[in-house]
There are 2 protein chains.
Amino acid sequence: MSSLKPCVEALYEGVGRVADRIPELPKSEVVLVRLLMLTAGALLREFEDRLKPHGLNDSDFRTLMMLYSSEDGSATPSELCVLAEQKPTNMTRIANVLAKRDLISRSHATHDRRQVLLRITPAGRRFVAKLLPPMFPAVAESFACFSATERKTFEKLLKKLALHIDRTVDTDACP
Amino acid sequence: MSSLKPCVEALYEGVGRVADRIPELPKSEVVLVRLLMLTAGALLREFEDRLKPHGLNDSDFRTLMMLYSSEDGSATPSELCVLAEQKPTNMTRIANVLAKRDLISRSHATHDRRQVLLRITPAGRRFVAKLLPPMFPAVAESFACFSATERKTFEKLLKKLALHIDRTVDTDACP
DNA sequence: GGTAAATAGTTCGCTGGTGAACTATCAGGT
DNA sequence: ACCTGATAGTTCACCAGCGAACTATTTACC
């Protein structure tokens, strides 16, 4: 399948050679970015492979999970856009897919008739409850190389990075 | 732009609520997967925004960089597919794009006439040399929240994870 | 109360990426 | 030499996601 080892090796060699020609290159940061994307990409592909037999892709599933895990099982498209990192355009398509399969229902909000209310159906909940457990072993296995301490450290650093990048992008956009 | 903070918060809350209903849920692993994808996604989007003015996307650029950073400035499409994590179909398109802009050249390998040899042109090298340096500050800033030790730790863990996942996926495919 | 600006969602046309089918070349056994 | 199967790359038809333009509703301001 998608073998990461050659990529990782080539990454280190390649960055070294580029740095020979362009010495200002921030080597360790570039390595981090690419490692991050490599890893995330591999995990995503594996996950989507497991989802495909059920006719969903990651964004569809993520959206459904947002509803499943929300306080009252409902949300508006715009809320879901923020949480599932999607653009409104695509959220319309996702809602269409999920609604067609009766995993969610569509209705109008009463207090603001522009808004649409998406709600997970009982069938949607059953679907999630059937779908999730078989995936647990694979997810656990992905991080089996980490000790409990390492997992904790990794999570702490990742979270710190995520929130830092968030701030960076925001301030980039404003001035 | 794409604010991560609400996503991160919703992630922790959501995983908690799901675990209430499905107790076997491997909470910390799920959090890690999503954090990883969230972060990688945000970095990718930011990077592509900086690339867009030059008319390239991430895969195009990554492919060009593979040639730039290779031993002799050349490679076959299949080699690039492995290194840039692309399917042959898409590599054809990428090669078309880069060749049309004279950043790379196409020729046939002599010893095996099935193979195509892609080679970065002098113009391609100049393009990379012009393009890269202005991006360095942003890349450095992305990881500015890390101390030197943290960066080192993070890289070590990421690399370990990448190689572990690699092995996992491989052995998954075989039996 | 009525017009202007903002907001929620959808539709449309386009780009990027994929699997399946195809062509051309090479390698191996007979 | 010749057929079989593998390999490198391309073409084609399709899906997912995006920006721009549009509709419907709400809010703000005079």
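Because only heavy atoms are used, hydrogens play no part in the values below, and waters and symmetry mates are left out as well, while side chains stay in. To find a chain, count down the sequence lines: A is the first, B the second, and so on, and within it residues start at 1.
Each of A:D60 and B:A95 was assigned the nucleotide of DNA chain D with the nearest heavy atom; the assignment lying further toward the 5' end belongs to B:A95. Projected onto DNA chain C by closest heavy-atom contact, A:M91 and A:K52 fall at different nucleotides, the more 5' of which corresponds to A:M91. Toward the 5′ end of DNA chain D lies the nearest nucleotide of A:S59, the other residue of the pair A:S59 and A:D112 mapping further downstream.
Taking the ring centroids of B:F154 and B:F143, they lie at or beyond the 6.0 Å cut-off.
Closest non-hydrogen pair, A:R62 versus A:A84, comes out as NH2-O, 2.8 Å. Of all heavy-atom pairs between B:S70 and A:R17, the closest is C-NE, 3.7 Å.
For the pair B:D49 CG and D:dG17 C1', the computed distance is 15 Å after rounding to whole Å. Atoms CG (A:N96) and C1' (D:dC15) sit 15 Å apart, rounded to a whole Å. Going from atom CD of B:Q115 over to atom C1' of C:dA24 covers 13 Å, rounded to whole Å. Across the protein-nucleic acid pair, A:L44 atom CG and D:dA16 atom P stand 14 Å apart, rounded to whole Å. We find that NE2 of A:H108 is positioned 15 Å from P of C:dA8, with the value rounded to whole Å. The CG atom of A:L51 sits 17 Å away from the P atom of C:dT18 (whole-angstrom rounding). The distance between atom CG of A:N57 and atom P of C:dG17, rounded to the nearest whole Å, is 16 Å. For the pair B:E79 CD and D:dT7 P, the computed distance is 16 Å after rounding to whole Å.
At a threshold of 4.0 angstrom between heavy atoms, the contacts of B:P88 include nucleobase atoms, whether or not backbone atoms are also involved. Base engagement by B:N90 is indicated by at least one non-hydrogen atom pair under 4.0 Å involving a base atom.
Dashed line: the shortest gap from a side-chain N or O of A:R113 to OP1 or OP2 of D:dT23 is not under 4.0 Å. Between B:R62 and C:dG16, a side-chain N or O to OP1/OP2 separation shorter than 4.0 Å is absent. Regarding contacts with the backbone of C:dG16, every side-chain N or O of B:Q86 stays at 4.0 angstrom or more from both OP1 and OP2.
A donor-acceptor contact under 3.5 Å links the side chain of A:R114 to the base of C:dT7. A donor and an acceptor atom sit less than 3.5 Å apart, one in the side chain of B:T89 and one in the base of C:dG19.
In the set C:dT18, D:dC18, D:dA16, the nucleotide with an atom closest to the side chain of B:K87 is C:dT18.
A donor-acceptor contact shorter than 3.5 Å links the side chain of A:E150 to the backbone of A:S147.
Residues A:V82 and B:L38 do not share a hydrophobic cluster, clusters being chains of Ile/Leu/Val/Met/Phe/Trp/Tyr side chains in contact below 4.5 Å.
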